[in-house]
Amino acid sequence: MTKNIIRSVKGTKDILPGESSEWQKIEKSFRNFIHRYGYREIRTPVFEKTELFARGVGEGTDIVTKEMYTWEDRNGDSLTLKPELTAPVVRAYIQHNLGTELPLTKLYYFDSLFRRERPQKGRQRQFHQFGIEAIGSPFPELDAEIISAAYLFLSDLGLSKLKLKINSIGSNIAREMYSRELVNFIKPLRNKLSKISQKRLETNPLRILDTKIPEEIDLLKNAPDITKYLTNEDQEHFQDVVKLLEIMEIPFILDSRMVRGLDYYSRTTFEITSDSLGGQDALCGGGRYDSLVESLGGKPTPAMGFAAGVERILIALGETQISNYTNRTDIFIITMSKDSLEMGISLSNILRKEGFYIGMDSLRRSVKSQFREANKLRAQYALILGEEEMKQNKVTVKQMSSSDQSMIDINSISSFFKKSFSL
RNA sequence: GUGGGUGUAGCUCAGCUGGUUAGAGCACCUGGUUGUGGCCCAGGAGGUCGCCGGUUCAAGUCCGGUCACUCACCCCA
């Protein structure tokens, strides 16, 4: 079983014919859905300059410090397989001056990303996300529209038990102030914290709030609340977002402990989780990133977006039944002699050109086997090209479901099927 | 990077306390009329029991190592 064959790399997966239709469904639904909001697709390269992520995502983040696939190109450039999609999209936005075409740029993507993490349920090293980025508006109505779009799309897919959590982590100034206060609060408790949290005290104090260790959650009960440190503008903005979500009747939970791991977020952040997953329960995450465009060298431009994980959505949707023969087959052509084989080949081309889904044996198998194949493919009709038929310039048409069969003139084949399939 | 679980046919698994040529179901292939499917019947193909080493007269079964997969932590979608 595990001989000397070359296997796919750890953390990567083949999407086999039995499951690819599920992927197509999600991709198609998302495109249809998001087009109605006016988003257009952008496709960025699989790799970028490493610097883009270092600056965009944040030097201190886990993604940048330990999860990127990075290598040196022959000319010495450091390149990286994209671990994240917002930074590349923003880079493209700046590079091509997309902001000059319209004041609000609405982009969506469906793409592969790469992070070198230990694989587990709902997490691979190559994985897929779809999402949107709207660049150019600072107003809460954009936040609300994006959050509701994410929520509505996922529930339209048929996902239940969705939990939408929202929070505001404020503008940069507010976050700095809060961060200082939080550190002051935690320092006395330092020794009671886990090693990881102690380390975070130095690197990213806000993330301590995210801990899942029960004792720590208890310790942090009385920790200062970020909402109290928001500026008036931040608060107003967030209240508007909340109000709009209520107007749209999108159910949400306020969670002031939810802190996102990427440096570029500001103000509104949100996450949609599902109970039907294990430890990796986030299906979708997003938020506002008002200073990213500027920090990547563009003009100061506020923006907001989300990304959703395809693999996780598929898990949450439940076991997708894997069948090998889901393809449609209208007519299966059964051949015998060499003459009928030649006839079958040209007939199949003609019928395919007319739009029919044609199957035909290419293993020179017995008639019985060919019928078995036709049955397995759930063909509606079998078209038999035997010697008797050839002699009379006819073919036998058998309707598989009823087993009715009759001979028809060879010239009337396409009109016969057009009528049967009412094309 | 850390910890747990698992590794027998394409898939799901059985194989009692070590004992002859390693099994089942599903899937696959062929046949059961000379040109006809589904159900049924018969037959067939497919496994160096993850790999390496050790204990033993004897190892799928015990021991050690290794690799792979998987789940969880970290972090994230």
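Note on naming: letters A, B, ... go to the chains in the order of the sequence lines (proteins, then strands), and numbering restarts at 1 for each one. Basis for what follows: all heavy atoms, side chains included, without hydrogens, waters or symmetry-related copies.
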Dot-bracket, RNA chain B: Watson-Crick or G-U, under 3.5 angstrom, [ ] crossing, | other strand?
(((((((..((((.....[...)))).(((((.......))))).....(((((..]....))))))))))))....
Those residues at least two apart in sequence (or on a different chain) that pass ring pair (Phe, Tyr, Trp, His ring centres under 6.0 Å) with A/F238 are none
Applying ring pair (Phe, Tyr, Trp, His ring centres under 6.0 Å), name anything that partners A/Y37, two or more places apart in sequence or on another chain.
A/F33
[N] versus [M] - spacing of their [atom1] atoms, nearest Å:
{"N": "B/rC16", "M": "B/rG54", "atom1": "P", "result": "25 Å"}
{"N": "B/rU66", "M": "B/rC71", "atom1": "P", "result": "23 Å"}
{"N": "B/rU30", "M": "B/rU34", "atom1": "P", "result": "14 Å"}
{"N": "B/rC28", "M": "B/rG10", "atom1": "P", "result": "15 Å"}
{"N": "B/rG60", "M": "B/rC52", "atom1": "P", "result": "12 Å"}
{"N": "B/rG46", "M": "B/rC39", "atom1": "P", "result": "25 Å"}

Electrostatic pair A/E311-A/K13, nearest N-O below 4.0 angstrom:
no
Can you tell whether the side chains of A/R267 and A/D143 come within less than 4.0 Å, N to carboxylate O?
no
Is there any protein nitrogen or oxygen under 3.5 Å from a nitrogen or oxygen in nucleotides 44-46 of chain B, and what are the pairs?
none

With no hydrogens and no angle check, just 3.5 Å: does a side-chain donor-acceptor pair link A/S412 and A/S415?
no
Quick one: is B/rG31 close enough that its OP1 or OP2 comes under 4.0 Å of any side-chain N or O from A/S366?
yes
Using only side-chain N and O atoms of A/K376, determine if any of them is under 4.0 Å from OP1 or OP2 of B/rC29.
yes
Remember a base hit wins even if backbone is also touched, and classify A/I63 as base, sugar-phosphate or nothing at under 4.0 Å, heavy atoms.
nothing
Which pairs count as side-chain hydrogen bond (donor to acceptor under 3.5 Å, both in side chains) when at least one residue sits in residues 175-186 of chain A, sequence neighbours excluded?
A/N172-A/R175
Dump the intermediate steps for side chain to side chain donor-acceptor pair (under 3.5 Å) on A/S340 and A/T335, then the final yes or no.
CA-CA 5 Å; A/S340 84; A/T335 60; 4.6 Å; no
With sequence neighbours left out, write down each residue that passes salt bridge (Lys or Arg N to Asp or Glu O under 4.0 Å) with A/K25, or none if nothing qualifies.
A/E22
